[in-house]
Amino acid sequence: MKNFFQRPFSALSQNLGLWKDVVHHGALIEMARQRVFVAGCFVAFAYLLIAGRLIDVMVLRTSTHTRAVNTEIPFAARKDIVDRNGEVLATQLITASLYANPKVILNPKEAAEKLAAVFPEIGKETFYNRLANNQKGFVWLVRHIPPKLQNAVHNLGIPGIFLQKDSKRIYPHGPLVAHVLGCCGVDGDGLSGIENSFNTQLLDVRNNPNEPLRLSIDLRAQHIVFDALMLGVQKFKADGGNAMVMDLKTGEIISMVSFPTFNPNLLNHNDPKASFNRNTSAVNEPGSTFKILNVAIALESGTANLNSTYDARTPVKIGRFTVDDFKGKYRILSLSEAFIYSSNIAAIKMALNFGIETQRQYFKKMGLFDPIKLEIPENGAPLIPARWSQVTTMTASYGYGVSVTPLQTLAAIGMVINDGVMMKPTLLHQNTPQVSSQTPIISYKTSAIVRSLMRRVIKEGTAKSANIPGYGVIGKTGTAYQSKGKGYGVNKSRTTTFIGAFGGSGSDDAPENLKYGLIVMLDNPKAIDGTYGYATAGWNAAPIAGEMIKRMAPVLGVTPSFSEDENLSPWVQTSARIPQ
Amino acid sequence: MNRTPVLLSAIGLISAGFFVFQIKYGMMDLEQRHRVVKRNIQETREALHVLKAEWSHLNDPRTLQTLCVKYLPDLVPLQGIQLVPLDRVLNGAKIPQNYDKKALDDLLSDATKEVAEHTGGAE
């Protein structure tokens, strides 16, 4: 024990002795100094490095650092879709989804009963079947549940039941823009419409997360078209209907509505047939509206002018069919009369004058032979006869024998109205109007004549009910019997169409610069009280179009223009006194 | 042996160590605040998003139309014939530069009343 305490002291005294020797040894001291100096240099260098790095990070790279902190945090799993004015059409909401780990569920029966009390629409049986399968470690129970039910599930306190943060696609306007937007599946992937076509871009939330996809649709115009068409379909007991408004100067689709429609918020509650977009998918024979193209080709090809006349006294035989005029005049008609009275006989004779090849070439240039690639996947291809015969030329002159989509019809006739310049229809908002590089398909003169003829149809012809004072409405109606098997008009099924334009300048008889093109179609409308037994386009599609134009034009900012002799506005009657 | 540099170095080292710790804890505090701010931003964004969706839903034109028909039965959609250029209201007369704005407003107000009488109250 004594040694135990003495040993460290003796060792210490020996070492102190050595230390005393070392302190008085000059060479050793010098060597130690050098070593301390070298070590000091290393430490100083290390500190310099740290200081340099600090200056680099804190002073020189300030902007990079700030940017890193302010990096936009992607909010949702999918970008918003807005209309041309920034109104939200589709957005993403944070929800929660309920899942379970059946392996840790102690009593599946009791758990199923408790869950069924919160979600009565799903039922005890369904929950039990999912929870009792304890081979699985994960099973979805309910997707996208609202906060109130999330709280209710929390309060149940069932072990093995979990809530996971999730997000759901919401369409605040329900069915209003359904056929354009399409819908998303339960996992947020686009299934149809714009949601499907732009799926990749909409999911790319890291790149400009707060920049939505801006469509050309104007929600206000969409509502007016939707409302008027819905009332029209109900009033005329039609099987369905569709309507579109297009900016003829830019090709932007301002409104696109198809009936029956569906609610994209209620994925599994919709009739599958309702998702069919009649504007872009349906192909049908357009009927008399094609006479606009027929007259334009006749004038442009030089085989007709305003003084041309056509013998419409006797019907024309095409194979086993006899083509007659609806409420025919049975006399010689001028070109204007033939157009205004919508004479099939005159149309056939006009087409035979310019011939098969001319018609085929013009139809091709007008884009009637190829599907229009609009920015949605639902694009129908036209049905064109394999061989373009004389019979085809005769029937196509009044809109039979060739089936195209309403969008194709609107684009082609829009071209005729728009001074022969063909604009590609688009559903995307155009910041800078697209410039058509094509040379006009028809001349300004032909376009002007066709416009004035279409104006006369509104003033004197079949579409008087679409004449909205001040907006220089032009148009043409068409009633096409639907083909059933090998015949037409069995059960009197028909498609009625109004196609026209409004919102331009020029005089009342010669409107020009028309901005908006419009097409309204009804599938198999019926005669009702007040239509005197008629179910033709002039009695149903035209008044619906008139209602749309009347309500839509002020909203779209179209300035009405009245000719000097018209005293249409009571405002003008106010006697003016300029206050000084 | 010169003790001053050693002493200074020691003081420097201790100061540097203290300074580094200060920076570290300051940084940790800032990071914590950053996390809180980020979370708050996210929550605010979510709330804004919900409000935007709700606003859009409440502003659905169909809803507004239904409410208008119910509560504002006299209000009808604007029609083209209600719009004319100002010069036609004034029968083509030129408006002087220094016109009396209030008097012009009164005139237009009178005109509005006339129109109301003309159209039976539906403007």
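Proteins get letters first, then strands, A, B, ... in listed order; numbering begins at 1 in each.
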Listed by chain and number, what are the ring-ring contact (aromatic ring centres under 6.0 Å, His included) partners of A:Phe226, not counting sequence neighbours? A:Phe259

With respect to chain B, which residue among A:Ile549, A:Ile468, A:Leu89, A:Asp80 yields the maximal number of heavy-atom pairs within a distance under 4.5 Å? A:Asp80

Just checking heavy atoms, which of residues 10-17 of chain B are less than 4.5 Å from chain A? B:Leu13, B:Ala16

Taking it one step at a time, do A:Tyr171 and A:Val177 satisfy side-chain contact (heavy atoms from CB on, under 4.5 Å)? CA-CA 9 Å; A:Tyr171 304 92; A:Val177 205; over 6 Å; no

Partner of A:Gln92 by side-chain hydrogen bond (donor to acceptor under 3.5 Å, both in side chains), out of A:Arg169, A:Lys79, A:Arg78: A:Arg169

Part of A:Ile170 within contact of chain B (heavy atom distance under 4.5 Å): neither

Between CZ on residue B:Arg62 and CD on residue A:Gln222, distance to nearest 0.5 Å: 10.5 Å

Contacts of type side-chain contact (heavy atoms from CB on, under 4.5 Å), residue B:Leu58, not counting sequence neighbours: B:Glu54

Which atoms form the tightest heavy-atom contact between B:Glu46 and A:Ile94, and what is the distance? CD-CG1, 3.8 Å

Could you tell me which residues satisfy side-chain contact (heavy atoms from CB on, under 4.5 Å) with A:Leu266, sequence neighbours excluded, listed by chain and number? A:Asn263, A:His269

